[in-house]
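To keep things clear, I will list the structure first and then write my remarks on it.
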2 protein chains.
Amino acid sequence: MATRRASISDLAKQLNLSVSTISRVLNNHPAISDATKKRVWELAKQLNYQPNHLAAALRKGRSNTLGVVVPHIDGHFFALVLKGIETIANLAGFNVMICQSNENETHEKKNIATLLNAQVDGILVSVSLTTRDFSHFEEVRRRNIPLVFFDRVMETPDASAVVLDDYQGAYQAVSHLIEQGCTRIAHLGGPQHVNICQNRYRGYQDALRAHGVAYDEALVHFSNLSMQDGLDGMEQLLQQAPKLDAVFAANDLSLVGAMQVLKRYGLRVPNDVALAGFSNELFSSLTEPKLTSVDQRCEEMGRTAVHLLLELMTQHENEEKAVGRQITLQPELLIRGSSERVPAA
Amino acid sequence: MATRRASISDLAKQLNLSVSTISRVLNNHPAISDATKKRVWELAKQLNYQPNHLAAALRKGRSNTLGVVVPHIDGHFFALVLKGIETIANLAGFNVMICQSNENETHEKKNIATLLNAQVDGILVSVSLTTRDFSHFEEVRRRNIPLVFFDRVMETPDASAVVLDDYQGAYQAVSHLIEQGCTRIAHLGGPQHVNICQNRYRGYQDALRAHGVAYDEALVHFSNLSMQDGLDGMEQLLQQAPKLDAVFAANDLSLVGAMQVLKRYGLRVPNDVALAGFSNELFSSLTEPKLTSVDQRCEEMGRTAVHLLLELMTQHENEEKAVGRQITLQPELLIRGSSERVPAA
DNA sequence: ATGATTTATGCAAACGTTTGCACAGAAAAT
DNA sequence: ATTTTCTGTGCAAACGTTTGCATAAATCAT
């Protein structure tokens with residue numbers, strides 16, 4: 001019953017050929033006569049031959065597998081990035097192995113070790129928030145395994161990475177609010193030691209400045225951007241600056257909280273207060289009204305990251321010295337009900 | 001520079017031992033003297049020896065990898081299941097390879113082929129909605145690779161699977177609505193050729209009957225459960241049965257749509273119309289009020305599926321004939337604002 | 001002291017490929 | 001007719017492990 005799978009040497013025996021010839025046929029090696037090619041393929045089909053990837057991998061020193069480390073697999077953003085990664089990787093004939101760090105440095109180190117052990121041919125990483133020591137990535141470099149960071153990157157000039165232009169996203173969102181006639185625009189910002197949050201804050205400031213709108217400290221509130229933070233933050237902003245006419249939040253989740261507070265105060269969205277957020281979550285188009293938000297091009301980020309990785313891998317094959325390359329994706333502002341004011345008739 | 005990784009035979013040479021001895025040390029084989037054990041481990045550490053999984057896999061015929069096929073990787077449900085799968089698999093020393101079928105039969109067949117090629121030791125599958133032909137799973141069985149279905153299963157007595165008790169979930173939700181004093185309970189149902197939707201519908205019916213509440217066809221509306229479907233369905237239900245006092249939806253997404261319609265009609269949730277949904281999406285607790293919903297135990301489903309798979313795998317090792325085993329998870333009703341009526345003071 | 005058992009190690013084959021090199025025969029060039 | 005160049009194929013080593021069997025040394029029982 002437990003009949004072993006057909007191997008290359010089974011084919012060889014049955015056809016009175018050498019294993020090397022069979023191997024060459026299966027790999028489309030040029031120097032093989034059409035006659036034998038046909039014979040081999042036919043028998044292969046007949047015996048339902050399936051190549052043993054492991055053996056090939058061992059011999060060639062490449063596993064045809066890509067490794068990915070993400071902080072977590074759930075949540076809209078990473079799920080979509082992973083989808084992009086998977087799609088392109090498979091298209092290029094690679095399998096994908098996914099690990100979660102759970103935002104934990106130790107876990108992340110383990111993940112990297114796992115992937116190295118599995119002999120992946122390349123690695124994609126989005127760094128955990130708690131990671132302070134980056135020695136595990138050094139080990140990857142030492143082993144000469146191509147690596148690409150995405151979204152959450154290790155800041156080194158020689159590392160390759162693909163990130164989103166958070167600054168531009170914020171700039172556009174705030175500019176849009178100004179174009180809607182808003183002048184007292186509040187900001188729900190994230191922790192400023194986090195790169196992306198800082199960039200969004202800067203984008204906010206510069207957009208104001210560029211349009212000659214005064215910056216007012218009373219209009220800014222920083223937090224960790226949970227929904228509760230949005231609720232609390234909005235309350236506080238309304239105390240500090242009752243006349244605000246718009247809110248730009250560094251994420252959509254906190255904005256949902258903020259919107260609930262506004263409704264409770266009887267303020268109408270978007271006509272009294274216009275709203276724009278960041279990250280275009282799934283729920284962002286389920287609220288009433290739908291939230292204007294900066295889309296992070298998640299899937300494209302995944303696709304781009306794989307493309308870059310594949311590029312590094314071929315460079316690496318050709319022994320070219322791979323210099324770090326950074327790609328910055330331009331976000332897309334999705335204008336929806338929460339900010340679109342119908343011009344007064 | 002490109003210094004090859006230390007192999008088992010490097011260790012052997014440097015210590016004047018045979019490769020077999022080294023191998024045995026590294027695998028904690030009992031019959032090795034403590035002295036040599038120590039010597040080997042020390043050098044291993046010093047040379048930063050990393051075992052070559054591929055070689056071991058080839059020799060042992062097992063890859064230490066589990067394969068998963070899901071309809072898609074984004075979306076709350078599968079993301080959480082995957083998290084559960086990953087967690088337990090890693091704990092048990094297995095890597096996980098994830099494939100998406102994109103709800104496409106052809107793609108699913110390719111996924112299975114990929115996983116078989118990668119020589120995974122076991123497979124977890126949630127079947128695509130469009131799959132009609134199940135021959136690819138036959139191939140898995142023929143190859144003697146343990147397989148466990150989860151959530152979306154192939155209906156065969158000898159297949160192992162872990163599913164949610166949708167019937168019970170619906171029954172509980174509707175019973176809860178009745179306990180809140182509702183008697184005209186509408187149902188937004190899904191396509192009845194889909195197993196789970198049918199079970200939810202049955203649970204709805206039986207809960208009514210069990211509590212002596214009359215079933216009324218005018219209170220039932222079937223669709224594909226998109227948000228738009230929820231909007232349209234609710235409109236229609238309000239026409240057909242203006243006096244309804246509750247809605248049980250087969251998913252949360254459609255319920256969000258329904259709630260928006262209710263608000264538009266000036267009906268108050270939960271006091272005029274109480275709401276309960278299914279699947280406990282991320283956004284379900286972001287609405288105003290929060291949605292009562294049946295939680296699907298996503299992570300636990302993933303964990304259970306892996307446990308079952310591992311069980312099958314050891315049985316398989318011991319040549320025991322593995323008979324299909326089905327596990328049914330009990331859902332959990334999460335009662336929130338959309339259905340909890342404050343008792344009239 | 002002899003044989004029986006245990007303990008620790010080595011030998012060598014096997015897993016299923018890939019690939020540099022060699023080589024026979026045929027075709028082409030001299 | 002001899003040499004050169006192709007064309008198609010085979011040989012055998014290599015990738016890094018694991019593992020059944022053999023064996024030498026040490027321990028034990030008699």
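Only heavy atoms go into these numbers, but all of them, side chains included; no hydrogens, no water, no symmetry mates. A note on names: the letters A, B, ... follow the listed sequences, proteins ahead of strands, and every chain is numbered from 1.
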Candidates L82(B), V96(B), N95(B), I73(B) - the one meeting side-chain contact (heavy atoms from CB on, under 4.5 Å) with I98(A)
I73(B)
Can you measure L58(A) atom CG to dA13(D) atom P for me and round it to whole angstrom units?
17 Å
Closest non-hydrogen atom pair, R39(B) against L15(B):
NH2-O, 3.3 Å
I22(A) atom CD1 is separated from dG8(D) atom P, nearest whole Å, by 16 Å
Measure the distance from NE2 on H29(B) to P on dT19(D) and round it to the nearest whole Å.
10 Å
Separation of dT19(C) atom C1' from I8(A) atom CD1, nearest Å, is 12 Å
Tell me the interatomic distance from L17(B), atom CG, to dT7(C), atom P, rounded to whole angstroms.
20 Å
With a non-hydrogen cut-off below 4.0 angstrom, is N16(A) in contact with a base, only sugar-phosphate, or nothing?
sugar-phosphate
Without decimals, in angstroms, what is the distance between R5(A) CZ and dT17(C) P?
8 Å
How do S9(A) and T21(B) order along DNA chain C: which one's closest nucleotide is nearer the 5' end?
T21(B)
Which of the following nucleotides, dT17(C), dT19(C), dC15(C), is nearest to the side chain of A55(A)?
dT17(C)
Under 4.0 Å, heavy atoms only, any strand: does A56(B) hit a base, just the sugar-phosphate, or nothing?
sugar-phosphate
Just to be sure I understand the rule, does L54(B) reach a base, reach only the sugar-phosphate, or reach nothing, if contact means heavy atoms closer than 4.0 Å?
nothing
Minimum heavy-atom separation for E103(B) to L129(B), with atom names?
OE1-N, 2.8 Å
Select one nucleotide: of dT17(C), dA8(C), dA13(C), the one nearest the side-chain heavy atoms of S33(B).
dA8(C)
N27(B) side chain: which of dT19(D), dT18(D), dG16(C) is closest?
dT18(D)
Separation of dT19(D) atom C1' from N28(B) atom CG, nearest Å, is 16 Å
Rounded to whole angstrom units, what separation is found between the CD atom of Q119(A) and the P atom of dG16(D)?
9 Å
Check: H136(B)/E108(B) side-chain N/O donor and acceptor closer than 3.5 Å:
yes
Counting side-chain heavy atoms from C-beta on, which of dT18(D), dG16(C), dA12(C) comes nearest to S20(B)?
dA12(C)
Looking only at the side chain of S18(A) (C-beta and beyond, no hydrogens), which of the listed nucleotides dG10(D), dG16(D), dG8(D) gets closest?
dG10(D)
Would you please say whether a donor-acceptor pair under 3.5 Å links the side chains of D151(B) and Q296(B)?
no
Name the closest nucleotide to the I32(B) side chain, picking from dA12(C), dG16(D), dT9(C).
dT9(C)
Residue T36(A), side-chain heavy atoms: nucleotide from dT17(C), dT9(D), dT18(D) that is nearest
dT9(D)
Please compare R24(B) and Y49(B) by the position of their nearest nucleotide in DNA chain D and report the one closer to 5'.
Y49(B)
